[in-house]
There are 4 protein chains.
Amino acid sequence: MIQIDPRSSTPIYEQIIHKLKELCFKGVLKPGDKLPSVREMSAMIITNPNTVSKAYKELERQGIIETLRGRGTFVSESARKTIDEGKIDMIKEQLKPLIIDAFYAGVDFEQIKQWIEEIKEEIGSETNARN
Amino acid sequence: MIQIDPRSSTPIYEQIIHKLKELCFKGVLKPGDKLPSVREMSAMIITNPNTVSKAYKELERQGIIETLRGRGTFVSESARKTIDEGKIDMIKEQLKPLIIDAFYAGVDFEQIKQWIEEIKEEIGSETNARN
Amino acid sequence: MIQIDPRSSTPIYEQIIHKLKELCFKGVLKPGDKLPSVREMSAMIITNPNTVSKAYKELERQGIIETLRGRGTFVSESARKTIDEGKIDMIKEQLKPLIIDAFYAGVDFEQIKQWIEEIKEEIGSETNARN
Amino acid sequence: MIQIDPRSSTPIYEQIIHKLKELCFKGVLKPGDKLPSVREMSAMIITNPNTVSKAYKELERQGIIETLRGRGTFVSESARKTIDEGKIDMIKEQLKPLIIDAFYAGVDFEQIKQWIEEIKEEIGSETNARN
DNA sequence: GTGGTCTAGACCACG
DNA sequence: GTGGTCTAGACCACC
């Protein structure tokens, strides 16, 4: 289901968050779908259950998923689209050095825009339906 | 000269790297310009000298700056534009979750492209000359 | 009859207890009234019968309701008003962090007192008769 | 500094949160004060560092405290008083069953109001200065 | 079965 | 020194 790289410098729990968010956003995971239990997921990606739990809790805090007591964890019916200015600024702040790095690696503006396009394609057709 | 946020979750040494790279890229810092010494810089931004030193070392490794023993640290004559595929993949990898987060924060594709445009504007006129 | 939120962090059985206590206190449920059977209730609020059973048992332990074997569950004739010091301390203990949280959420003392007033209103006219 | 009851049903990390919030609110801990390090605190209250860490992170998420990388954890300069409607509703939701329980334990409205008064006294004089 | 809490201990990045 | 991450395993409440 999802792939984790234990050697990556980005923490495992963040990788899980990223991957699941992506799947939710793409529509592979639809609202109401049940996620693997903490134990199942930890077995699948060969990590400690605590690590998965941490990821799930953060995703819940962000409103992407929700847990029903004793029943499991599910994709939320509708991800709230709070237009959070602070969050947006934070993202822009992270975006800038990334783009500058890209330039130093020999990428130009047009190519970057094309990357965005690629990501759009990859996320794809489901997106329109969802929003 | 540069502003650091000690509360940020991004390490201080990385913030220094980002800021200096940005200044170099914008052309505020031109090839041959002398950077403040590690001590001066650490006094300016109120951090441990080791932190500044770490940032300088990394910038040197990336070819952005050079240290001339006994004379100081200078902006390199020409930032080498190594087209490093690995680096590019890494950047793309970091870009994706950022963009997905942006969507969840209520930003759409067009706005993101506009951000890129804004960053381009901000970096400004020197850019064309350099590329 | 009663509404349960399966997403809430407070356990379902506790929610049932709270709601039924509230109804008893308001006078909607009067002494001698028959409660839905465990099965009926669990069907109504879509939970596991065990969960309802647990709530009923706890309410019985507190003297709010009584089960007459083979006949069903009923609201007790008179809720005993055991002045339980331990219980009171426990409640005060729980009250304090709640009020501090309220302050941090921007509520002041007067508003909190008004909340109490509101709850009093909501519980309403029957109360005087019962006390 | 703070007292924890390992037998209590409320999790240790929540007890830490409550106590520290209380101290901050009372003004015992002032903005800028350094908190004991995770290790120190865990030694003081005899728990695992992870448990303290969890409490600190939640307090940071709530804006009560902040961590400066590699330097430690400090009381925030000014606790943001976001008037969060959702939070307020949640508190009211938790308040109601508590008050009903109080009634069943033989406490009346006036006494509850007096409790609030007591808590106000206890939190005391610093409060006015802070707000 | 589910997730939530906690312990004991380890390693690492950061300043 | 600081906090952040992770593991291995345990116990518990809830459904």
Side-chain angles (χ1 to χ4, degrees), chain A residues 4 6 8-16 34-42 45-60 65-74, chain B residues 4 6 8-16 42 45-55 58, chain C residues 4 6-16 42 45-55 58, chain D residues 4 6 8-16 34-42 45-58 60 65-74:
Chain A
I4 257 60
S8 166
S9 67
T10 76
I12 295 174
Y13 83 97
E14 272 192 17
Q15 293 185 49
I16 299 173
K34 188 178 184 308
L35 292 176
S37 81
V38 169
R39 289 163 175 80
E40 283 169 0
M41 180 67 93
S42 70
I45 62 183
I46 311 175
T47 37
N48 190 288
N50 286 334
T51 307
V52 177
S53 183
K54 191 171 178 181
Y56 277 20
K57 280 217 199 99
E58 175 60 18
L59 282 167
E60 185 167 17
I65 65 178
E66 51 194 13
T67 89
L68 270 51
R69 316 208 32 128
R71 298 196 28 221
T73 309
F74 302 82
Chain B
I4 257 63
S8 167
S9 65
T10 75
I12 293 174
Y13 86 96
E14 273 191 18
Q15 291 185 50
I16 298 172
S42 69
I45 60 180
I46 313 174
T47 21
N48 193 307
N50 290 333
T51 308
V52 177
S53 180
K54 187 169 181 181
E58 175 59 20
Chain C
I4 256 61
R7 281 164 191 74
S8 166
S9 66
T10 75
I12 292 176
Y13 86 97
E14 273 191 17
Q15 292 186 49
I16 298 173
S42 69
I45 60 181
I46 313 174
T47 21
N48 193 308
N50 291 333
T51 308
V52 177
S53 180
K54 187 169 179 182
E58 175 58 20
Chain D
I4 256 62
S8 165
S9 68
T10 76
I12 294 174
Y13 84 96
E14 272 192 18
Q15 292 184 49
I16 299 173
K34 187 177 184 308
L35 292 177
S37 81
V38 168
R39 289 164 174 79
E40 282 169 0
M41 180 67 93
S42 72
I45 61 182
I46 312 175
T47 36
N48 190 286
N50 287 333
T51 307
V52 177
S53 182
K54 191 172 178 180
Y56 277 21
K57 279 217 201 101
E58 174 60 19
E60 184 168 17
I65 65 179
E66 51 195 12
T67 90
L68 270 52
R69 316 208 33 129
R71 298 199 25 222
T73 310
F74 301 83

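Naming: A, B, ... by sequence-line order, numbering from 1 per chain.
Between A:Leu68 and C:Arg7, some side-chain heavy-atom pair lies under the 4.5 Å cut-off. No side-chain heavy atom of A:Tyr56 sits less than 4.5 Å from a side-chain heavy atom of A:Thr67. Considering only heavy atoms from C-beta on, D:Ile12 stays 4.5 Å or farther from D:Asn48 through its side chain.
In this structure, CD in A:Glu66 is found 10.0 Å from OG1 in A:Thr73, a value given to the nearest 0.5 Å. Of the inter-residue distances, the one linking B:Thr51 atom OG1 with B:Glu14 atom CD reads 12.0 Å to the nearest 0.5 angstrom. The CD1 atom of D:Ile16 sits 3.5 Å away from atom CD1 of D:Ile45, with the distance rounded to the nearest 0.5 Å.
When the P atom of F:dG3 is taken as reference, atom CG of D:Leu68 falls 11 Å away, rounded to whole Å. Distance CG (D:Leu35) to P (F:dG1): 19 Å, rounded to an integer number of Å. Between D:Glu58 atom CD and F:dG3 atom C1' the separation is 17 Å, expressed in whole Å. Regarding A:Phe74, its CZ atom lies at a distance of 11 Å from the P atom of E:dT2, rounded to whole Å. Distance, D:Ile65 CD1 to F:dT2 P: 15 Å, rounded to whole Å.
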Which nucleotides of DNA chain F pair, in dot-bracket form (Watson-Crick or G-U under 3.5 Å, | meaning another strand): ||||||||||||||.
Protein heavy-atom contacts under 4.0 Å, written 5' to 3' over nucleotides 5-15 of chain F as B (base), S (sugar-phosphate only) or - (none), form the string BBBBB----BS
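For the pair D:Ser42 and D:Arg39, the tightest heavy-atom approach, listed with the atom from each and the gap, is OG-O, 2.8 Å. In terms of heavy-atom proximity, A:Arg69 sits nearest to C:Ser8 at CD-O, 3.6 Å.
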